[in-house]
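Heads up: the structure comes next, in structure tokens.
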Amino acid sequence: MQRRILLRVISGYHTISYETVFAISGFPPIDNFIVHNRDFKIATKTCNANNHDVCLPVSKMPHPSERSPINLVSYYKNIEDNFPVVCFTDGSKINSKVGLAFVVFKDHIETEVHQFRIRDECSIFQAELLCIAQAVNWIRTNENPSSNFLICSDSISCLCALNCITSPNRLIVKTQTNLSFLQGRGVQVFFSFARDHIGIYCNERADWLAKEATILIDMVPMSVPKSFYKCVFKEHVISQWNSRYQISHITKYTKEFFPSIHRRLKAIHFVPNFRITQFLTGHGNFKSYLKRFNLSRTDLCSCSSGEIQDVNHLILSCSKFTPARCLLISSLKKNNLAWPPSFSTLVQNKIYFASFCEFIDNISPTFYRL
């Protein structure tokens with residue numbers, strides 16, 4: 001069923017093999033996808049209740065009226081002068097290890113540093129969100145309740161997430177609850193987005209500390225994000241798909257253009273159509289193909305070469321298409337590609353592929369009359 005649908009997608013002949021259809025269309029075999037989709041759902045359902053960022057059930061969530069959006073202020077030069085205590089937070093991922101840190105400044109003097117590490121599979125977003133939550137918790141447990149505070153983060157996505165008063169994420173709920181508690185005590189906590197790598201010393205200091213935190217041994221329990229599982233299972237699907245493609249003995253022409261599934265998926269500019277698909281499969285109006293079904297008396301080309309008329313012959317040597325081939329050669333040489341190129345080169349980037357498509361379009365009207 002999937003093959004019949006994908007044949008329409010690539011506008012190909014019904015004699016094209018399963019593996020070829022999947023490769024040209026860019027769609028994985030559905031049986032591989034179903035198995036890994038099942039594994040993905042199982043993996044994402046298993047979650048430790050002790051993790052800081054699990055999704056809380058509705059019964060354990062506070063009423064939205066008890067949660068309020070954070071107080072956001074624009075960051076500007078010397079904003080720290082208006083707050084006695086300023087916290088800069090940051091998260092970082094170095095060598096596949098994730099660390100986070102926040103640094104406390106009182107009257108422009110660094111007074112405290114707090115560093116943490118989370119699982120390597122976690123995302124920077126999780127690190128940034130946890131860091132903000134830890135900073136708010138530190139304010140609640142360690143500071144004079146009469147003070148006003150400013151928390152600066154370079155993650156605008158985390159600040160937007162904290163503005164959502166219906167989120168079930170435990171970290172967000174806990175942070176909003178702490179902020180409501182502080183507000184009830186007369187403590188105002190403001191947040192600001194401080195763009196990173198623009199020379200803000202406090203921000204750069206937090207960034208350096210977050211990178212340093214990646215070597216810590218103890219880890220704060222956090223959930224593995226769905227994005228990680230998606231990436232892992234996607235790689236598994238592609239790997240198994242590529243293995244099936246490589247061992248197939250009926251994808252001769254297609255492998256010359258796409259030696260592997262990885263190369264095919266990298267060619268995001270590639271769009272199949274009826275003419276292109278014929279050249280990528282060898283299944284088309286070629287005498288070498290038509291003779292197999294007794295639709296042609298001979299498989300030899302009508303040019304003077306006496307060679308078999310197949311994909312290689314038409315692209316590289318058929319004298320009937322010399323003018324169109326010269327245009328293709330000229331276009332490729334302008335882009336530093338020598339002739340004759342490997343067929344995989346013709347589809348590897350947008351410029352080469354456009355030139356190749358133009359060549360096929362130029363020869364097609366004549367080609368179908370041969």
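Owing to the predicted nature of the structure, the values given are computational and were not obtained by experimental measurement.
Side-chain polar atoms of Thr254 and Thr251 form no donor-acceptor pair below 3.5 angstrom.
In terms of heavy-atom proximity, Met219 sits nearest to Asp120 at CE-OD1, 4.4 Å. When all heavy atoms of Phe356 and Leu280 are compared, the closest pair comes out as CE2-CD1, 4.4 Å. Minimum heavy-atom separation, Ala161 to Phe125: CB-CZ, 4.0 Å.
Glu307 contributes no side-chain N or O that, together with a main-chain N or O of Cys301, makes up a donor-acceptor pair within less than 3.5 Å. Remark: the backbone N or O of Ser319 is paired with a side-chain donor or acceptor of Thr322 at under 3.5 angstrom. In this structure a side-chain-to-backbone donor-acceptor pair under 3.5 Å is missing from Ser167 to Cys164. Side-chain atoms of Gln176 come within 3.5 Å of backbone atoms of Leu162 as a donor-acceptor pair (strictly under, hydrogens ignored). In this structure, Lys350 contributes its side chain and Ala267 its backbone to no donor-acceptor pair below 3.5 Å. Judged purely by atom type and a 3.5 angstrom limit, Arg325 uses its side chain to pair as donor or acceptor with the backbone of Leu314. Side chain of Ser92 to backbone of Ala210: no donor-acceptor contact under 3.5 angstrom is found. Judged purely by atom type and a 3.5 angstrom limit, Ser223 has no side-chain atom pairing as donor or acceptor with the backbone of Pro225. Under a 3.5 Å cut-off, the side chain of Asn362 and the backbone N or O of Glu358 do form a donor-acceptor pair. Of the possible polar contacts, one joining the Arg3 side chain to the Ile16 backbone as a donor-acceptor pair under 3.5 Å is found.
As a member of the Ile/Leu/Val/Met/Phe/Trp/Tyr network built from side-chain separations under 4.5 Å, Ile308 groups with Leu300. Val237 belongs to no multi-residue hydrophobic cluster, having no ILVMFWY side-chain contact under 4.5 Å with any other such residue.
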Exercise for the section: Check step by step if ring pair (Phe, Tyr, Trp, His ring centres under 6.0 Å) holds for Tyr289 and Tyr13. Expected result: CA-CA 11 Å; Tyr289 174 78; Tyr13 284 26; 5.8 Å; yes
Exercise for the section: Output, in order, the C-alpha distance, side-chain angles, deciding distance and verdict of salt bridge (Lys or Arg N to Asp or Glu O under 4.0 Å) for Asp218 and Arg117. Expected result: CA-CA 7 Å; Asp218 296 332; Arg117 183 183 167 193; over 6 Å; no
Exercise for the section: Starting from the C-alpha separation in whole Å, work towards a yes-or-no answer on side chain to side chain donor-acceptor pair (under 3.5 Å) for Ser180 and Thr177. Expected result: CA-CA 5 Å; Ser180 296; Thr177 303; over 6 Å; no
Exercise for the section: Go through the steps to decide whether Phe270 and Phe353 satisfy the test ring pair (Phe, Tyr, Trp, His ring centres under 6.0 Å), and finish with yes or no. Expected result: CA-CA 8 Å; Phe270 175 77; Phe353 181 61; 5.3 Å; yes
Practice task
Determine, step by step, whether Tyr253 and Thr20 satisfy the side-chain contact (heavy atoms from CB on, under 4.5 Å) criterion, reporting the C-alpha distance in whole Å, the side-chain angles of both residues, the deciding distance to 0.1 Å, and the verdict.
Solution key: CA-CA 9 Å; Tyr253 284 112; Thr20 301; over 6 Å; no
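No more than 12 heavy atoms of other residues, nucleotides or ligands lie within 6.0 Å of NZ in Lys174, so this atom counts as exposed by the packing criterion. Shown here is Tyr18, whose OH atom has no more than 12 heavy atoms of other residues, nucleotides or ligands within 6.0 Å. No more than 12 heavy atoms of other residues, nucleotides or ligands shown are found within 6.0 angstrom of CD1 on Ile268. Annotation for Leu265: atom CG counts as buried by contact number, over 12 foreign heavy atoms lying within 6.0 Å.
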Could you list the donor-acceptor pairs under 3.5 angstrom formed by side chains in residues 327-341, with sequence neighbours left out?
unit_1, atom_1, unit_2, atom_2, d
Ser331, OG, Ser355, OG, 2.6
Asn335, ND2, Ser331, O, 2.9

Could you go through residues 79-88 and list every donor-acceptor pair under 3.5 Å that involves a side-chain atom there, pairing it with any protein atom two or more places apart or in another chain?
unit_1, atom_1, unit_2, atom_2, d
Glu80, OE2, Tyr75, OH, 2.8
Asp81, OD1, His108, NE2, 2.5
Asn82, ND2, Tyr76, OH, 2.5

Output a table of donor-acceptor pairs, distance under 3.5 Å, between side-chain atoms of residues 152-160 and any protein atom two or more places apart or on a different chain; print 'none' if there are none.
unit_1, atom_1, unit_2, atom_2, d
Ser153, OG, Ser155, N, 3.1
Ser155, OG, Ser157, OG, 3.2
Ser155, OG, Cys158, N, 3.3

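Here the side chains of Leu100 and Asp90 are not in contact, with every heavy-atom distance at 4.5 Å or above. Taking 4.5 Å as the limit, some side-chain heavy atom of Phe102 sits within range of a side-chain heavy atom of Phe116. Under the 4.5 Å side-chain criterion, counting only non-hydrogen atoms from C-beta, Ile215 is not in contact with Lys97. Counting heavy atoms from C-beta outward, Cys55 and Arg170 have side chains that stay 4.5 Å or more apart.
Hydrophobic clustering, with ILVMFWY side chains joined whenever heavy atoms are under 4.5 angstrom apart, groups Trp208 together with Phe105.
Taking the centre of each ring, Phe279 and Phe286 come in below the 6.0 Å mark.
Among residues two or more places apart in sequence or in another chain, the side chain to side chain donor-acceptor pair (under 3.5 Å) test is passed with Gln246 by Asn242. With sequence neighbours excluded, no residue satisfies side chain to side chain donor-acceptor pair (under 3.5 Å) with Ser11. With sequence neighbours excluded, no residue forms a side chain to side chain donor-acceptor pair (under 3.5 Å) with Asn312. With sequence neighbours excluded, no residue forms a side chain to side chain donor-acceptor pair (under 3.5 Å) with His36.
In this structure, Phe149 and Trp138 have perpendicular ring planes: the angle between them is above 60°, well past the 30° mark.
Residues in residues 152-171 take part in no ring-ring contact (aromatic ring centres under 6.0 Å, His included) pair, two or more places apart or across chains. Within the structure, every pair that satisfies the salt bridge (charged side-chain N to carboxylate O under 4.0 Å, His left out) test and touches residues 225-250, not counting sequence neighbours, is listed here: Asp31-Arg244. The salt bridge (charged side-chain N to carboxylate O under 4.0 Å, His left out) contacts involving residues 193-207 comprise Glu110-Arg205, Asp207-Lys211, where partners must be two or more places apart or lie in separate chains.
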